[in-house]
Amino acid sequence: MWLMKSEPEEFSIDALARVAREPWSGVRNYQARNYMRDGMQVGDKVLFYHSNCARPGVAGIAEVASAAYPDPTQFDPDSAYYDPKSTPANPRWLLVDIRFVRRCKHVITLDAIRNAAEQLGDLALIRRGNRLSVMPVTPAQYHHILSLEHDSP
DNA sequence: GCCAACGTTGGC
DNA sequence: GCCAACGTTGGC
């Protein structure tokens with residue numbers, strides 16, 4: 001199971017709900033890429049996290065909808081994610097498609113997740129200075145985070 | 001908008 | 001292979 005960050009002004013859980021399915025383009029971090037390439041299986045559940053916004057936190061659930069394949073934006077000179085050092089023959093960046101599952105009833109805030117740190121154990125999201133945008137979560141962490149959804153907002 | 005923390009780049 | 005400089009992330 002996974003957690004993936006997105007800036008809601010760029011691409012929110014509501015935007016995912018509208019399109020139903022989306023290629024997760026733009027990841028330009030090797031560790032995040034490796035998780036998508038080597039770790040993800042179709043059907044894996046994903047906590048959809050809103051970052052860099054007024055209420056950072058888990059806003060919904062998605063699932064992995066494809067195997068990893070080259071991110072087309074890396075070859076597009078007009079894209080903000082263009083990478084001139086990558087070639088179609090030897091692509092540097094891979095992505096997976098993500099499918100909408102559901103919204104959270106309310107955002108499970110970073111604050112609430114931090115408050116549960118003791119029960120959650122080691123979680124990359126709340127490690128100091130963490131900036132990773134794609135990270136694994138254990139089933140226990142996944143379920144514990146979602147259990148916080150029933151708490152008051 | 002600020003800034004701490006981090007990853008990447010590139011000169012040496 | 002080191003490491004300083006730089007750019008980015010993301011909470012606040």
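Numbers restart at 1 for each chain; the letters A, B, ... are given by sequence-line order, proteins then strands. Keep in mind that the numbers below use all heavy atoms, side chains included, and drop hydrogens, waters and symmetry copies. A quick note: this is a predicted structure, and the numbers were derived from the prediction, not measured.
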Handout entry: Residues that Q141(A) engages under side chain to side chain donor-acceptor pair (under 3.5 Å), provided they are two or more places apart
Key = T138(A)

Exercise for the section: Please name all residues satisfying side chain to side chain donor-acceptor pair (under 3.5 Å) with E10(A), sequence neighbours left out, ordered by chain then number. Expected result: none

Fill in the blank from the handout: From the list R21(A), Q41(A), R99(A), side chain to side chain donor-acceptor pair (under 3.5 Å) with E63(A) holds only for R99(A)

Handout entry: Terminal contacting nucleotides, 5' and 3', DNA chain C versus chain A (heavy atom, 4.0 Å)
Key = dG7(C) to dC12(C)

Exercise for the section: Please determine which of F75(A), Y30(A), Y81(A) meets the ring-ring contact (aromatic ring centres under 6.0 Å, His included) test together with W93(A). Expected result: Y30(A)

Exercise for the section: Please work out if R127(A) contacts a base, only the sugar-phosphate, or nothing of the nucleic acid, heavy-atom cut-off 4.0 Å. Expected result: nothing

Exercise for the section: Let me know, please, whether N52(A) or R128(A) comes out on the 5' side of the other along DNA chain B by nearest nucleotide. Expected result: N52(A)

Handout entry: Polar contact flag, side-chain donor to acceptor under 3.5 angstrom, D14(A)-S12(A)
Key = no

